[in-house]
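Heads up: the structure comes next, in structure tokens.
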Amino acid sequence: MIFSTIRHFITGLSLVVSSGVWAHGQFAVEQALVGKASLIAGYSHIDNYDNVLWQVPGVLMGGEAFGAEPGFILREASLHFTLGSEGGSFATAELSSHGHSGESGVELEQALVGWFSNVDRQAIKLQAGLITPLFSKAYGQHASVAYFTRKPLIYELIFGGHGSETGVNAQWQVAVSEHSNVYSGMEIWKGEKLPAKSGDSPNAIDAFTYWRWHKNESFSTLGAWYYAGKAKQRGDTRLDSGHSHDVPEETSASPDIRFTGDTRVFGIYADWNWQFEADKFLELSSEYTLTDISGTLQDETRQSSLDGKHTGLWAQAALGINQHKVAIRYDHVVLDNSLNGTGASLLADSAKLINDHEPNVLSLAYEFQIDSHLRLRLENRVDKVLPDTFSELMINLIWSRPFTF
Amino acid sequence: MIDVQKVFMSLLIIIMLAACGESQTTVDDGGVNATAFDWQIPSNMPLPIEPSDNPMSQAKFELGRHLFFDRRLSGNGTQSCGSCHEQALSFTDGLAKSVGSTGQVLARNSQSLLNVAYNATLTWANFSLVTLERQALVPLFGEDPVEQGITDANRDDVLQRIIDEPRYLSLFEDAFPKDLNPIDVANVVDSIASFVRGLVSFDSSFDRFFQGDTSALSTSARRGRTLFNGEDLECFHCHGGYNFSDSTVDRNMTFISRPFHNTGLFNIGGTGAYPEDNSGLIELTGKPSDMGKFRAPTLRNIAITAPYMHDGSMSSLGEVIDFYAAGGRNIESGPNTGDGRFSPFKDGFISGFDLTEQDKTDLIVFLNSLTDNTFLTNPRFGNPWEAL
């Protein structure tokens, strides 16, 4: 699988002008104990809210994908530590809580050890442990540092929202000119997170490269990534014991339906940031993803093949002027599924795969920097993810603070 | 140096154009759901299997309905299929044990014919009976026990009675248009099988709930449903799925199982034995481990089909629930003395459970929600001779 993945990755890269980068957080590791704490909490008002499990027709959902919820919610709390040593080794731990449906248990988001080296114009970093994926900026990004509280839609649908898991990765960053560098990496996962599930380990892999260029006040990034995951008897575990969310059972896809097969996702990312004055910027960013699903769908008695091509696009614009930021994002997903076999029609119905709707969301955000650690964020979402449209209004307070011991 | 910003914007436009497309789901079942018969079942329910040598047709179904309710189709002209399978009782007879046309009392309880087309095996404990065409031969021609009592000696007489009935000629000609002399035993059997196969029911309160009418089940019934599907009571393991039986088959299935279960009704002398005339699957297989094993029947219309169990030994749903709560039946006196709770052949799911009176009520309310009253009165399934 690894060689196949590398071949696909190289093929994918040839489709774009390979360049561009960004680093997920700071690439270098300080020789100290540093940390960051963040918290985001607020209130959400939703028109036409119905307490149903977020089951988007046309997608085999799961993981931690949950729809909009009204009321007061502790959306996210995170405490992140990294301890670096003189020899380049380091350890990171992160505790987090992602509240939904009244549940907000603390979980270990990251627990890893690593090694970092910086020689001349190159840097390399190796990590192993419980890791947040790096292949995509939007997937691993916390709501407290993004413009919007919810991730781009495609990450909810295909990857089940947030998630870290056990794996290893290697990252390289190379300065290729005075104005640009390339940041690349590869990650190998145990593969227990959506869309992968329980099989022979390792069960998922990804690779990415980003080229970043800057000149004067203009910064651009172009990048591409590829993810491949295998699933064996993967079901939707969102209604499992302890995770019931008080959702009426009849609104969900049958929990007995299992998917066995491959999911391959190819993504292209680009952004452009123009710092036209001090404390004033305009930023455009977008990502296109193509998900290829191929496998078998079955329940206790029925079976069918499933082939899916899911196309995702999000495009975002943000303007910052002093302590004010406004942003707009549009998410659009096209879901194309094909089922073949004697059980196809019933499985398609039970798995909620019958669909001709194109989920989309228009999000608007305004953020006010109250002080250096505290921000107020107002968001409005026109949610057309399900065939019924609803509007969500959110007000959130965001607190974040780095610290060094 | 290339203009990075122009490249960037161009790429964005390309990406957005590439994202265009339409959501769609295409389904190809290979034609397995093709049928010439109007089954009249909800679209989200699978169709039963139709034998390739006896495909369903409305004409055969209609002929089969006439034959099913015709008393002339028995050796002595006193009993029809419908004598032991009355529509108002969901095609059972209300007796603990059925009585054949000659007065012989059968060993087993008459089963409902509702959704029998979905049974992976037919009758109580016969792994080899998997088509209605073969099963229909048993009550028509069986010698022990005698049910309708057609024998080699009286078969021509019985057939002559059918030929003499003026309504039959056109019914047979419509059902079997390619046959020059369509009134024969094989066509009688195929027609009855077609009618019985068409006895489908999906119009209970539970069905309406399942199809999205959340008001169709009361709060009590919903609680009962939760209990039914819970791991404490374990009911759903043997009575799960859309037909409330783990011995279910339809044309969309790939994996088919034909299980039989010992529920701990008997444990004669502590050996696990059942009464000799009614010991279950072991009668055919001879395997000791098959002692007392019977097929789990559907629970649809269960409120209508008392008495219960393969021997009709329980008169109410409350009694049945108490039996499962105890994890078996303890018979303290008589020839069948023995504690079924400790039967060595008992199914592992029959382990007993605690139930409050409210729980029991809720469970019964849920079981009552499986009643399809339309099925009990639908003229489509009714006795055509009564209308004369």
Side-chain angles (χ1 to χ4, degrees), chain A residues 16-17 19-20 57-58 179-180 213 215 218 220-222 248-251 268 270-272 274 284-290 298-304 308-313 315 332-350 353-359, chain B residues 1-33 42-47 49 120 206 209-214 216-217 222 225-226 229 231 236 240-242 246 248-257:
Chain A
V16 297
V17 181
S19 25
H179 298 292
S180 65
W213 178 89
K215 188 173 184 182
S218 182
S220 296
T221 304
L222 282 174
E249 187 181 334
E250 63 274 14
T251 63
I268 305 173
D271 68 32
W272 173 65
W274 178 36
L284 302 175
S285 55
S286 183
E287 190 170 42
Y288 169 82
T289 59
L290 179 61
Q298 69 180 73
D299 62 13
E300 285 187 2
T301 58
R302 299 172 214 287
Q303 183 169 296
S304 147
K309 295 252 186 299
H310 299 171
T311 307
L313 171 73
H332 189 101
V333 176
V334 175
L335 303 165
D336 187 348
N337 293 299
S338 174
L339 292 90
N340 287 274
T342 55
S345 56
L346 288 166
L347 285 169
D349 184 67
S350 300
L353 288 177
I354 302 296
N355 173 61
D356 59 4
H357 177 64
E358 294 172 17
Chain B
M1 187 68 188
I2 59 172
D3 187 328
V4 173
Q5 291 170 26
K6 283 183 179 174
V7 170
F8 170 78
M9 294 311 294
S10 299
L11 274 174
L12 265 189
I13 291 169
I14 291 169
I15 286 169
M16 296 186 81
L17 288 173
C20 294
E22 288 185 354
S23 287
Q24 61 177 349
T25 300
T26 57
V27 174
D28 181 0
D29 59 17
V32 72
N33 287 314
S43 61
N44 62 337
M45 285 296 161
L47 292 175
I49 293 171
F206 171 80
F209 174 79
F210 191 71
Q211 287 157 26
D213 179 2
T214 53
L217 285 191
R222 289 187 189 209
R225 181 191 178 210
T226 301
N229 289 316
E231 294 290 350
F236 71 97
Y242 63 87
D246 63 354
T248 296
V249 66
D250 62 57
R251 64 178 72 185
N252 299 113
M253 285 185 177
T254 302
F255 314 107
I256 300 165
S257 61

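Order of the sequence lines fixes the chain letters, A, B, ..., with proteins taken first and strands second; residue numbering starts at 1 for each chain.
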Do side-chain atoms of T25(B) reach the backbone of L353(A) as a donor and acceptor pair under 3.5 angstrom? yes
So which heavy atom on R302(A) is nearest to which on D250(B), and how close? NH1-OD1, 2.7 Å
Could you check whether any side-chain N or O of D336(A) sits under 3.5 Å from a backbone N or O of S23(B), counting only pairs where one atom can act as donor and the other as acceptor? no
If you round to the nearest 0.5 Å, how far is OG1 of T311(A) from CD of E22(B)? 12.0 Å
Check the surroundings of atom CD in E358(A): do more than 12 heavy atoms from other residues, nucleotides or ligands lie under 6.0 Å from it? yes
Of the listed L346(A), I354(A), D349(A), D356(A), the one with the largest count of heavy-atom pairs under 4.5 Å with chain B is L346(A)
CG on L339(A) to CG on D28(B), rounded to 0.5 Å: 10.0 Å
Under 4.5 Å, counting heavy-atom pairs only, tell me which of A348(A), G343(A), S338(A) racks up the most with chain B. S338(A)
Give, as side chain, backbone, both or neither, the part of Q298(A) having an atom under 4.5 angstrom from any heavy atom of chain B. side chain
Cut-off 4.5 Å, heavy atoms of chain A, and the answer for V27(B) is both
With rounding to the nearest 0.5 Å, note down the distance linking OG in S304(A) to CG in D29(B). 9.5 Å
If I measure from the heavy atoms of chain B, does N340(A) come under 4.5 Å with its side chain, its backbone, both, or neither? both
